[in-house]
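Okay, structure first, notes after.
These numbers were taken from a predicted model, which means no experiment stands behind them. In what follows, every heavy atom counts, from backbone to side chain, and hydrogens, waters and symmetry copies are set aside.
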Amino acid sequence: MSAGPLAGIRVLEAGHILAGPYATMMLADLGAEVTKIEPPGGDLSRQVSDAYFASLNRNKRSVRIDLTSEAGRARLGELVAGAHALLVNLKPSAIQRLGLTYEALRHHNERIVCVALTGFGLAAGDHPAFDYVVQAATGVAALTGDPDGPPTLPGYSSADNSAGLTAALGLLAQIVSGRGGQVEVSLRDVMLSQLNYRASAYLNEGVEPRRLPFGAHSYYVPAQLFPTAGGHLALFITHDRFWKAFCAEAGVEGFATMAERVARREEVLAAVTAVLATDTAAGWEARLRPLGIPAAAVRTLPEALAAAPDTVVEAGGYRLVGSPIRVAGHEPRYGPPPRLGEHGDLT
């Protein structure tokens with residue numbers, strides 16, 4: 001097995017909680033050497049729980065440095081001189097004050113890639129930008145939930161995780177270019193980007209998005225959650241071949257084309273809801289999947305993990321979900337999260 005596609009790439013990380021640490025953990029899983037630069041009190045996620053910290057920081061080194069001190073800034077310069085990239089997940093004012101930008105660090109290493117991962121952009125000020133705040137500010141919350149109920153949020157940190165993956169992509173893209181420089185990624189921009197076809201429909205066609213019951217898709221019918229005789233089923237019919245196969249199995253007739261199904265949405269949903277009530281969600285999944293029809297029973301997280309045991313790995317005494325990236329010839333070595341200052345302590 002290889003050492004990983006990112007073996008030899010050295011990445012520094014300065015940040016807290018989720019978005020930045022998730023980005024660099026993805027890189028570490030692929031073989032990069034990631035060093036967390038932690039303040040005297042450590043990454044704030046250490047205060048949440050050991051398991052929380054481990055879920056975002058396996059396979060990393062930790063150096064504890066007071067970046068407000070002269071000695072700390074000197075040590076930062078030494079680390080930058082030997083690194084390919086620095087990813088920072090802090091408030092814009094802190095990034096500027098601590099000198100964690102390309103302009104402030106380029107004299108140590110002209111080819112260093114500096115990634116600033118912020119809520120709204122380096123020049124946008126220090127407005128609080130926690131995950132749920134950004135989901136509310138970008139229209140995600142308004143699009144989520146039942147149309148007759150209040151807006152709601154997904155049950156996980158979708159903005160932080162999405163921004164982390166985007167930051168990792170930007171970091172690698174600039175490294176591949178062979179040039180140093182400043183890269184910016186903001187949670188706001190990432191979430192607006194992920195509303196791609198929703199935003200395009202509004203910007204180009206004037207179609208303002210609206211919430212639909214059971215998370216229904218705005219373009220495809222039927223494509224949503226349905227109640228069954230036991231549990232809920234996600235059924236995602238995106239073209240007529242799927243619909244034909246579903247009808248043959250379920251005994252539904254009519255509505256042969258997507259255009260007709262969209263035009264007669266309520267009739268289609270009533271017919272599908274009625275037939276799905278004759279079996280459980282697990283039963284329908286077992287019947288529809290062999291036919292190639294996109295369908296899944298709604299599972300709890302424990303049920304989902306039990307159904308995908310190959311995704312769970314051991315990392316220094318912690319059971320965690322492993323890397324989602326599978327590279328032929330590379331088997332990630334999952335190490336433990338580092339102790340605070342385990343690889344250097346300058347405070």
Side-chain angles (χ1 to χ4, degrees), residues 131 134-159 161-163 165-166 169 187-228 231-277 281 284-285 287-299 304 324:
D131 184 285
V134 171
Q135 290 192 51
T138 55
V140 175
L143 284 170
T144 309
D146 189 272
D148 295 325
T152 189
L153 297 164
Y156 79 109
S157 300
S158 61
N161 283 295
S162 298
L165 291 173
T166 306
L169 175 62
L187 273 69
R188 180 203 65 179
D189 292 356
V190 168
M191 296 313 289
L192 287 174
S193 171
Q194 292 195 349
L195 291 174
N196 35 53
Y197 64 84
R198 293 281 203 170
S200 181
Y202 173 69
L203 293 170
N204 297 287
E205 300 163 355
V207 178
E208 186 172 346
R210 59 192 179 95
R211 272 183 269 159
L212 296 171
F214 295 103
H217 198 280
S218 55
Y219 287 102
Y220 306 125
V221 179
Q224 62 179 64
L225 299 179
F226 288 93
T228 71
H232 282 77
L233 181 80
L235 180 65
F236 206 70
I237 303 294
T238 57
H239 56 69
D240 297 338
R241 181 172 59 82
F242 287 155
W243 177 250
K244 184 178 181 180
F246 172 75
C247 288
E249 175 64 25
V252 176
E253 296 181 353
F255 318 110
T257 67
M258 181 63 73
E260 183 180 3
R261 293 194 296 278
V262 170
R264 300 172 65 184
R265 175 186 288 267
E266 297 308 319
E267 295 175 65
V268 173
L269 296 183
V272 173
T273 299
V275 74
L276 291 181
W284 280 112
E285 179 181 302
R287 292 166 61 178
L288 298 177
R289 278 199 167 183
L291 302 176
I293 299 169
V298 173
R299 292 177 169 83

Contacts of Arg299 meeting side chain to side chain donor-acceptor pair (under 3.5 Å) (sequence neighbours excluded), chain-then-number -> Glu285
Give me the atom names and distance for the closest heavy-atom approach of [X] to [Y].
X      : Y      : result
Arg265 : Ser218 : NH2-O, 3.6 Å
Ala141 : Pro151 : O-CB, 3.2 Å
Ala159 : Asp131 : N-OD2, 2.8 Å

Which pairs with one or both residues in residues 267-277 pass salt bridge (Lys or Arg N to Asp or Glu O under 4.0 Å), sequence neighbours excluded?
Arg264-Glu267
Please collect all salt bridge (Lys or Arg N to Asp or Glu O under 4.0 Å) contacts where either partner lies in residues 200-215, sequence neighbours excluded, each pair once.
none
With the side chain counted from C-beta on, respond yes when Leu153 and Thr144 share a heavy-atom pair under 4.5 Å apart, and no when they do not.
no
Looking at [atom1] of [X] and [atom2] of [Y], how far apart are the two atoms once the value is rounded to the nearest 0.5 Å?
X      : Y      : atom1 : atom2 : result
Met258 : Ile237 : CE    : CD1   : 7.5 Å
Leu235 : Leu276 : CG    : CG    : 6.5 Å
Leu212 : Gln224 : CG    : CD    : 8.0 Å
Leu233 : Phe226 : CG    : CZ    : 8.5 Å

Residues 241-248 side chain polar contacts: donor-acceptor under 3.5 Å, at least two apart:
{"residue": "Trp243", "atom": "NE1", "partner": "Gly254", "partner atom": "O", "Å": "3.1"}
{"residue": "Trp243", "atom": "NE1", "partner": "Phe255", "partner atom": "O", "Å": "3.0"}

Kindly assign one of parallel, tilted or perpendicular to the pair His232 and Phe214, based on the angle between their ring planes and the thresholds 30° and 60°.
tilted
Test your reading of the model: is there a side-chain donor-acceptor pair from Arg289 to the backbone of Ala295, 3.5 Å cut-off?
yes
Sidechain-backbone polar pair: Thr166 side chain, Ser162 backbone, donor-acceptor under 3.5 Å
yes
Would one find more than 12 heavy atoms of other residues, nucleotides or ligands at under 6.0 Å from atom CZ of Phe236?
yes
With a cut-off of 6.0 Å (strictly less than), are more than 12 heavy atoms of other residues, nucleotides or ligands near OH of Tyr219?
yes
Please identify each residue that fulfils side-chain contact (heavy atoms from CB on, under 4.5 Å) with Ala234, with sequence neighbours left out.
Leu225
Would Arg261 and Asp240 count as a side chain to side chain contact (heavy atoms under 4.5 Å, CB included) here? Give the steps.
CA-CA 10 Å; Arg261 293 194 296 278; Asp240 297 338; 2.9 Å; yes
Quick one, Asn204 with Ser200, criterion side-chain hydrogen bond (donor to acceptor under 3.5 Å, both in side chains). Give me CA distance, side-chain angles, the key distance, then yes/no.
CA-CA 6 Å; Asn204 297 287; Ser200 181; 3.0 Å; yes
Where at least one partner belongs to residues 146-156, residue pairs that pass side chain to side chain donor-acceptor pair (under 3.5 Å), sequence neighbours excluded:
none
